[in-house]
**Q** 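Before I ask anything, let me first share the structure, which is written out below as structure tokens.
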Amino acid sequence: MTQKGIAIALGGGGVKGVSHIGVLRALTRNGFDIQAIGATSMGALVGVLFGLGYSPNEMEQVFHHLKRTGYSGRDKHSEPAFLGLRRFEKFVREFFGKKTFHDLKIPLIVTATEIEHGREIFIRDGLLVEALLASVALPGIFPARRMMNMDLVDGGVLNPVPVEAARSLVDAKTPVAAVVLTAPLGVPATMERIVLPRIIPRWLARRIKRLRFVRAIDILLLSQDMLNRAITKHNLDSSKPDLIIRPNVAHLYTLDTGYVTEIALEGDSAVRHVLPDLLKLFPNSAEEAIPHEPRPA
């Protein structure tokens with residue numbers, strides 16, 4: 001089968017980012033050669049794993065482990081934030097150790113946001129652990145990361161899908177696909193904004209959600225979701241990726257743990273949906289018969 005070179009931008013979105021695994025699995029299975037990745041937040045973790053040579057099934061196992069251990073946690077040395085990243089930091093330090101960007105098999109840029117001046121930062125050198133901890137640092141929720149004499153937070157603050165980061169790593173002829181984890185503007189929000197522990201009975205959860213301050217938080221989170229969608233649209237209109245891949249995950253809560261395998265399969269499904277348009281980017285390959293292979297058990 002002809003290899004079709006493509007660069008890919010993996011967007012942020014917490015647990016929604018697990019769908020990137022399915023996207024990468026479907027692309028490689030259908031003969032596409034991932035030549036470069038631009039990634040932010042949870043997309044950065046998937047991008048690093050893929051760049052180090054982990055298979056999609058192995059990546060799923062990583063996220064199953066993270067689901068069991070959790071991401072957050074604070075100790076007396078934690079920087080100011082509502083939640084800490086103690087568990088996640090412990091995991092990535094043990095898992096990636098001293099690996100750097102030079103250990104990656106394909107070019108990768110991890111993005112973060114420099115909060116003092118409001119700049120998007122491309123990280124392409126140094127320890128992978130430090131880049132990841134900066135890129136996933138949701139402002140206020142997780143602590144900012146001091147790196148390169150800058151305070152860095154989640155790259156999705158300014159650019160939820162770093163298309164230009166991916167494009168900067170390939171020549172002008174290589175198509176760039178953007179994996180977008182938010183719903184388009186104009187589509188009603190379906191995410192559950194307030195997530196309560198499942199041990200709370202439904203009747204009590206309904207009463208809690210009717211409380212005035214809870215409804216106020218709900219409006220705040222809904223507005224934040226709308227703002228994120230608007231920023232995403234603005235950046236996509238500006239960067240003009242050759243193709244948008246949008247897994248059906250916008251309804252998921254960013255900080256939930258989720259069902260890893262099911263979310264990953266949404267990425268597979270999204271690629272199948274856009275496959276005809278993707279093949280049009282490669283005129284010499286457009287008539288190739290590419291059967292869909294079922295995922296191995």
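If you read the sequence from its start, that first residue is 1, and numbering goes on from there.
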**Q** Under 3.5 Å, is there a donor-acceptor pair between the side chain of T174 and the main chain of V170?
**A** no
**Q** Kindly say whether V62 contributes a backbone atom to a donor-acceptor pair with the side chain of E60 at under 3.5 angstrom?
**A** no
**Q** Kindly say whether K280 contributes a backbone atom to a donor-acceptor pair with the side chain of D277 at under 3.5 angstrom?
**A** no
**Q** Indicate, with yes or no, if the rings of F32 and F282 have centres closer together than 6.0 Å.
**A** yes
**Q** With a 4.0 Å cut-off, would you call E89 and R145 a salt bridge?
**A** yes
**Q** Less than 4.5 Å apart, any side-chain heavy atom of M148 and any of E130?
**A** no
**Q** Output yes when a side-chain donor or acceptor of D242 lies under 3.5 Å from a complementary backbone atom of V176, and no otherwise.
**A** yes
**Q** Does the side chain of L104 reach to within under 4.5 Å of the side chain of L52, using non-hydrogen atoms?
**A** yes
**Q** Test your reading of the model: is there a side-chain donor-acceptor pair from T28 to the backbone of L24, 3.5 Å cut-off?
**A** yes
**Q** Can you pull out every side-chain hydrogen bond (donor to acceptor under 3.5 Å, both in side chains) where at least one residue sits in residues 96-107? Sequence neighbours excluded, please.
**A** none
**Q** Just wondering, do T182 and V180 contact through their side chains at under 4.5 Å, heavy atoms?
**A** yes
**Q** Indicate yes or no for a side-chain donor-acceptor contact from R229 to the backbone of P184 under 3.5 Å, with no hydrogens or angles considered.
**A** yes
**Q** Is there a side-chain contact between D268 and R29, using heavy atoms and a 4.5 Å cut-off?
**A** yes
**Q** Please check if any side-chain donor atom of H64 sits under 3.5 Å from a side-chain acceptor atom of Q61, or the reverse.
**A** no
**Q** My understanding is that only residues two or more places apart in sequence, or in another chain, count here; which of them pass ring pair (Phe, Tyr, Trp, His ring centres under 6.0 Å) with F95?
**A** Y54, F91
**Q** Are side-chain heavy atoms of L181 and P247 found at a separation under 4.5 Å?
**A** yes
**Q** Does any N or O in the side chain of S41 come within less than 3.5 Å of the main-chain N or O of G12, such that one atom is a donor and the other an acceptor?
**A** no
**Q** Are K240 and E164 close enough for a salt bridge, meaning some N to O gap below 4.0 Å?
**A** no
**Q** Between the main-chain N or O of K16 and the side-chain N or O of S19, is there a donor-acceptor pair closer than 3.5 Å?
**A** yes
**Q** Is any NZ, NE, NH1 or NH2 atom of the basic residue among K233 and D237 found under 4.0 Å from an Asp or Glu carboxylate oxygen of the other?
**A** yes
**Q** Please examine the side chains of F122 and L169, heavy atoms only from C-beta on, and report whether any two atoms are closer than 4.5 Å.
**A** no
**Q** Tell me, do T111 and I123 make a side-chain contact under 4.5 Å, heavy atoms counted?
**A** no
**Q** Flag the pair I109 / I37 as yes when at least one side-chain heavy-atom distance between them is below 4.5 Å, and no otherwise.
**A** no
**Q** Do T113 and E120 meet the criterion of a side-chain donor-acceptor pair at a distance under 3.5 Å?
**A** no
**Q** For the side chain of S239 and the backbone of N235, is there at least one donor-acceptor N/O pair under 3.5 Å apart?
**A** yes
